[in-house]
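This report refers to the structure that appears directly beneath it.
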Amino acid sequence: MPANPHNGFTEYGIGIGLRVPHYRHILAKKPVVDWFEIISENFMVDGGRPLEVLDSILEQYRVVQHGVAMYFGSADKFDREHQKRLKRLVKRTKTPWLSDHLCWGSVDGRYTHDLLPMPYTFAVARHTAEKIRAARDYLEVPICVENVSSYAEYHASEMTEWEFLSEVVELADCGILLDVNNIYVSSKNHNFDPYDYLNNVPHHRVGQIHIAGHSKFEKYLLDTHDHPVLDPVWQMYAHALKLVGNTATLLEWDDRIPSFDEVHNEGLKANKFRDQQLASSAA
Amino acid sequence: MKDSRPTNSATNSSPRAPREISSPAKLRELQRVMAAALFRPLTPHWGMQKRWTDGSRMGEVAAEFIKPNDRLSSFSIASMTTIQVCEQSSGNGSS
């Protein structure tokens with residue numbers, strides 16, 4: 001169901017990321033955009049231009065927060081100061097849900113600033129789910145965890161990535177931000193069928209979908225968010241919509257960012273698949 | 001058989017990865033090993049150092065916990081991740 005407890009029972013359409021190169025255009029031209037996704041950590045400041053821009057955007061647009069530093073999968077406890085700042089921002093934006101990644105990226109207080117893959121074990125799933133529950137209880141907002149693209153797998157893993165994701169979200173009773181491009185990238189890097197992944201996650205927990213472009217290197221794919229969405233990812237997106245319905249979708253474009261119109265038009269291509277899904281579900 | 005390798009305290013300068021991740025403590029040990037590898041300075045040619053802090057071959061250390069695939073060795077995968085972390089830290093990567 002597109003509107004579910006994990007996205008605050010909203011039925012948002014296609015959103016794009018709010019990015020600095022587009023600020024002037026958005027504030028001057030006020031384009032019609034269903035919603036913007038912001039990176040929470042860019043606005044967890046005490047004042048200044050970022051918050052000025054955010055407040056202007058909030059007057060006219062719906063905003064959903066996406067984080068990159070909660071590190072649900074880190075052995076470390078949460079950074080309390082980070083949580084407090086995040087909670088202040090959640091109250092400011094009134095985001096209907098909050099997302100962050102199923103990954104780790106810090107240990108003993110040192111941060112890698114990257115989204116590192118998890119070992120897929122039951123003990124790790126329990127630990128991660130406990131952190132997600134604690135975050136949700138403190139922040140008082142539904143949480144969706146995003147599957148990351150991965151380049152490394154561990155000998156210690158006891159299950160597939162999608163089994164791990166499923167285990168975590170069931171234990172945490174939280175939502176999924178289903179990143180279709182990340183599934184594709186990981187499937188090529190680790191030789192699995194991406195449709196096995198799509199078919200075997202709990203679909204009723206999908207609160208949001210990400211689509212994005214990636215880069216192909218000689219021996220691996222890299223989730224670079226600096227290209228249009230490739231055809232195989234669009235096909236996976238169409239399949240995902242059959243499984244989860246026309247759920248809120250966000251086009252990610254974070255590097256070598258083109259004009260606002262180019263990014264927005266890329267996102268709006270998702271409408272073709274959403275219309276097909278609407279037509280087939282009405283039939 | 002009991003794992004006789006030393007546990008990875010925060011002060012162990014030559015940590016090794018646990019074979020099983022059966023508890024948050026073991027997860028922390030794994031993350032300490034990876035972080036120690038990722039934070040080491042790169043070589044002048046922008047590559048991962050070939051020797052671990054205890055003199056072992058980095059390829060052997062990486063192979064203890066990272067699965068190779070049909071295209072990349074454990075060392076290559078670790079190396080790629082190290083370079084990515086370096087780029088993220090210097091503001092050249094995307095989220």
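Chain letters run A, B, ... following the sequence lines, proteins first and then strands; every chain starts at 1. Nothing here was measured: the structure is a model prediction, and the numbers come from that model.
Taking the side chain as every heavy atom from C-beta outward, B/Q49 and B/S79 never approach each other to under 4.5 Å.
When only modelled atom types and interatomic distance are considered, A/S40 and A/Q65 share a side-chain donor-acceptor pair under 3.5 Å. Using modelled atom types, one finds no donor on one side chain facing an acceptor on the other under 3.5 Å when comparing A/Q208 with A/H66. With no hydrogens or angles considered, no side-chain donor-acceptor pair links A/S186 and A/Y184 at under 3.5 Å. A/N181 and A/H214 share a donor-acceptor pair across their side chains, judged by distance under 3.5 Å alone.
Using a 4.5 Å cut-off between heavy atoms, A/S74 contacts chain B through both its backbone and its side chain. In this structure, chain A has no heavy atom under 4.5 Å from any part of B/A25. Residue contact with chain A, scored on non-hydrogen atoms closer than 4.5 Å, involves the backbone and the side chain of B/I66 alike. Heavy atoms of B/I21 lying under 4.5 Å from chain A belong to its backbone as well as its side chain.
No salt bridge links B/K26 with B/E20; every basic N to acidic carboxylate O contact stays at or beyond 4.0 Å.
Considering only heavy-atom pairs separated by less than 4.5 Å from chain B, the leading option among A/D226, A/L222, A/N189 is A/N189. Here A/G73 is the residue among A/G105, A/S157, A/G73, A/S106 with the most heavy-atom pairs under 4.5 Å with chain B. Across A/T128, A/L116, A/V148, A/D76, the residue that shares the most heavy-atom pairs under 4.5 angstrom with chain B is A/D76.
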